[in-house]
Protein chains: 2
Amino acid sequence: MPMGLTADELRQLDSFVDERRRIKRGERLYAAGSTFDALFTVRLGSLKTAVLFEDGREQVTGFHMLGELIGLDGISTEAHTCSAHALEDSEVCLLPFSRLEDFSRRIPALQHHVHRLLSSEIVREQHNMLLLGTMRAEEKLASFLLDLSDRYLRRGYSASEFVLRMTREEIGSFLGLKLETVSRLFSRFQEAGLIIAQQKYIKILDANGLRQLIGPPD
Amino acid sequence: MPMGLTADELRQLDSFVDERRRIKRGERLYAAGSTFDALFTVRLGSLKTAVLFEDGREQVTGFHMLGELIGLDGISTEAHTCSAHALEDSEVCLLPFSRLEDFSRRIPALQHHVHRLLSSEIVREQHNMLLLGTMRAEEKLASFLLDLSDRYLRRGYSASEFVLRMTREEIGSFLGLKLETVSRLFSRFQEAGLIIAQQKYIKILDANGLRQLIGPPD
DNA sequence: CCAGACGCTTGATTTTGCTCAACAACCGAG
DNA sequence: CTCGGTTGTTGAGCAAAATCAAGCGTCTGG
C-alpha cells in the first residue's frame with residue numbers, strides 16, 4: 001500500500017495488519033453468505049472468487065494474486081456475496097474493516113486510497129462485463145492470457161512463461177465459456193504458433209498476435 | 001439517503017447537494033475519459049452507463065433510475081471509465097466528491113454509507129457478470145424484466161405495467177445479446193402468455209412464469 | 001511408488017443466437 | 001398532418017459454441 005503516508009501513519013497502520021491466515025489448495029477462505037468483518041490481501045499463492053446461483057451454476061468473478069485485495073463485496077450488507085477459494089496453498093493478511101474505517105477517518109490519504117480501491121474494483125468488473133458481453137470466445141481467451149501475462153510482469157515474474165493456477169473449467173467459468181471450448185482454443189492458439197500450452201504450463205510466443213485476435217472479426 | 005444521521009448532520013449535508021443539472025434525452029452527462037470530480041444522483045428521468053471498446057463495440061453497464069447513484073467508477077483514476085447518457089429528459093444532482101470525503105471523515109455514519117454504496121455497486125456488477133456469463137438468452141431477458149419490475153415497484157410505480165425507456169439495442173447490449181434476439185424473445189414471451197409487449201409498452205401477465213424460465217434448461 | 005481420480009483433449013453432433021435482409025410501425029420535426 | 005428517419009419485427013440461413021462422448025495424461029495422496 002504505497003500511497004503517500006507519513007512514517008508515523010505507516011507505523012499506526014502496521015499495528016492492525018498483523019493477523020494472517022493460511023489456506024490450503026482447494027480450501028475456502030470464506031463462503032457466500034458468511035458474515036463480513038475483514039478484507040483480505042493475498043500474501044502468498046492465489047485465490048479465485050465466485051458468485052453462485054441457486055441452481056448450482058457458478059460464475060468465477062476473479063483470480064487474485066499477490067498484493068490483491070478481496071472481500072470488498074461484503075461491505076454492503078455485512079455478508080459476503082461471493083465465495084473465495086485458494087487455487088494453491090496460500091496465505092492472506094486480514095484487514096479488520098471497522099478498524100480500517102477508524103483509521104481512514106483520521107488519515108485522509110488512507111481514506112482516499114480506500115475509495116480508490118473500491119472504485120478500481122468497480123472498474124475491473126466493468127472490464128469483465130465488456131469481455132463477457134461483447135467478445136467472442138477467441139477474443140476472451142486472448143484477453144485473459146494477456147491480462148495474466150501483464151499481472152505476472154508487474155510482479156516481477158516472466159510475462160511470457162508461467163504456470164496456470166486454475167483449471168480449464170475455472171477459466172471457462174470466468175470467461176463465460178465451457179471447459180471444452182477453452183481447451184480447443186488453447187490447441188488452436190498453439191497450432192497458430194501464438195503460444196505453447198501443455199496443461200497448466202503456458203508460454204506466450206507471439207503476444208502481438210494475441211493482441212490482434214482482439215478486434216472485430218474482419 | 002436515509003441512514004441514521006442527526007438533524008444537524010443532515011443540515012450540513014444539504015449544504016452541498018444543491019447543484020442540479022438537466023440533460024435532454026440522448027444527451028451525455030459525461031464521456032468516458034472525462035475528468036471526474038462529482039458523483040450524480042438521478043432526480044428525474046433515467047440514464048444508461050456504458051463502457052466503450054476501441055473498435056466501437058459498447059457494453060451497457062447499467063440503466064439508472066430515480067435515486068440511483070452514478071459515477072462511482074471515476075474515483076479510482078479521477079477519470080470516468082464509462083459514459084452516461086440520458087434515456088429521456090432527466091435531471092441529476094451533483095455531489096462533489098472531495099466535499100463528500102470531507103464530510104464523511106467527520107460523520108462516521110456517512111462514511112460507512114459511502115462504503116456501502118461503493119460495495120453495493122460491486123455486488124450489482126457481480127450479479128451482471130453472473131447473468132452475462134452463465135445465462136441463456138431467455139433467462140437473461142426474464143431476469144431483466146423481473147429486475148425492472150422490482151425497481152419500479154420499490155419506487156411506487158406498477159410492477160406489472162411500464163414503459164421501457166431504452167431501445168432493444170440497448171437492452172441487447174446490456175444483456176450480451178443482439179437486438180433481433182431481444183425482439184424475438186419479447187414475441188416469444190408474448191406468445192407464451194407471459195407478457196404483453198407492444199414496442200416500449202410492457203405488461204407482465206405472469207411474473208412466476210418468468211421466474212420459472214430462470215433455471216437449468218431441463 | 002502406485003492407483004485412482006481428476007483434469008485435459010479431441011471428435012461428432014446439436015443447439016443457440018447471430019447475420020443478412022426486408023419490411024412495418026412509430027415518433028418527432030416541420 | 002405528413003414525411004423521413006429511427007426503432008422494431010420477422011424470416012432464412014449460417015456460424016459459433018455447447019453438448020455428448022470417449023479416451024488419455026498426469027498429478028497426488030496414501
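Chain naming here is simple, since letters A, B, ... match the order of the sequence lines and numbering starts at 1 in each. Side chains included, hydrogens not; waters and symmetry mates left out as well; all remaining heavy atoms used.
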Tell me which donor-acceptor pairs under 3.5 Å the side chains of residues 29-38 of chain A have, and how far apart each pair is, sequence neighbours excluded?
unit_1   : atom_1 : unit_2   : atom_2 : d
Tyr30(A) : OH     : Gly71(A) : N      : 3.4
Ser34(A) : OG     : Ala31(A) : O      : 2.7

By the definition side-chain contact (heavy atoms from CB on, under 4.5 Å), identify the one residue from Thr41(A), Leu39(A), Ile23(A) that meets it with Val92(A). Ile23(A)
Looking at residues at least two apart in the chain, or sitting in another chain, which of them share a ring-ring contact (aromatic ring centres under 6.0 Å, His included) with Phe174(B)? Phe63(B)
May I ask you to verify if any side-chain N or O of Ser183(B) is less than 4.0 angstrom from the OP1 or OP2 atom of dT9(D)? yes
Are the side chains of His64(A) and Ser46(A) in touch, meaning some heavy atoms are under 4.5 Å apart? no
Quick one: label Arg188(A) by what it contacts on the DNA or RNA (base, sugar-phosphate, nothing), any heavy atom closer than 4.0 Å. nothing
Distance check needed: dT10(C) C1' versus Glu191(A) CD, whole Å only. 11 Å
Given the structure, check if the side chain of Arg184(B) and the base of dG11(D) hold any donor-acceptor pair shorter than 3.5 Å. yes
Suppose we screen for salt bridge (charged side-chain N to carboxylate O under 4.0 Å, His left out). Which residues come up paired with Arg188(B), at least two apart in sequence or across chains? Glu138(B)
Taking only residues two or more places apart in sequence or in another chain, which ones pass side-chain contact (heavy atoms from CB on, under 4.5 Å) with Glu58(A)? Lys48(A), Ala50(A), Leu52(A), Val60(A), Ser173(A)
Should Glu121(A) and Arg124(A) count as an ion pair when the cut-off is N to O under 4.0 Å? yes
Under 4.0 Å, heavy atoms only, any strand: does Leu177(B) hit a base, just the sugar-phosphate, or nothing? sugar-phosphate
Do Leu47(B) and Phe40(B) have side chains that approach each other closer than 4.5 Å (heavy atoms only, starting at C-beta)? no
According to side-chain contact (heavy atoms from CB on, under 4.5 Å), who are the partners of Val123(B), at least two apart in sequence or on a separate chain? Asp73(A), Ser76(A), Thr81(A)
Give the residues of residues 161-176 of chain B touching DNA chain D, defined as any heavy atom closer than 4.0 Å, sorted by residue number. Thr167(B), Arg168(B)
Donor-acceptor contacts under 3.5 Å from residues 194-206 of chain A side chains, at least two apart:
unit_1    : atom_1 : unit_2    : atom_2 : d
Tyr201(A) : OH     : Glu161(A) : OE2    : 2.8
Asp206(A) : OD1    : Asn208(A) : N      : 3.4
Asp206(A) : OD1    : Gly209(A) : N      : 2.8

Step by step, would you call Glu68(B) with Arg155(B) a salt bridge (charged side-chain N to carboxylate O under 4.0 Å, His left out)? CA-CA 11 Å; Glu68(B) 291 175 346; Arg155(B) 277 162 186 78; 3.2 Å; yes
Would you kindly give the CZ-to-C1' distance between Arg25(B) and dG5(D), to the nearest whole Å? 13 Å
Rounding to the nearest 10°, end axes of the helix from dC1(C)-dG30(D) to dG30(C)-dC1(D) built from five pairs each make an angle of 60°
Please work out which residues in residues 47-54 of chain B have a non-hydrogen atom less than 4.0 Å from an atom of DNA chain D and list them by number. none
Starting at CG of Leu141(B) and ending at P of dT16(C), how long is that distance when rounded to a whole Å? 16 Å
Partner residues of Glu91(B) under the salt bridge (charged side-chain N to carboxylate O under 4.0 Å, His left out) criterion, sequence neighbours left out: Arg20(B), Arg22(B)
What residues 194-201 of chain A contributes to the DNA chain C interface at heavy-atom separation below 4.0 Å is Gln199(A), Lys200(A)
Could you tell me how far apart Arg136(A) (CZ) and dT16(C) (C1') are, to the nearest whole angstrom? 17 Å
Rounded interatomic separation in angstrom, taking CG from Leu185(A) and P from dC8(C): 14 Å
Both Met135(A) and Glu180(A) contact DNA chain D. Which one's nearest nucleotide lies toward the 5' end? Met135(A)
Checking Glu78(B) now: which residues fulfil side-chain contact (heavy atoms from CB on, under 4.5 Å) with it, not counting sequence neighbours? His112(A)
Hey, are Glu88(B) and Arg165(B) close enough for a salt bridge, meaning a charged N less than 4.0 Å from a carboxylate O? yes
Where the side chain of Lys178(A) is defined as all heavy atoms beyond and including C-beta, which of dA17(D), dT9(D), dA18(D) is the nearest nucleotide? dA18(D)
Taking atom P of dT9(D) as reference, at what distance in whole Å does atom CG of Leu179(B) sit? 10 Å
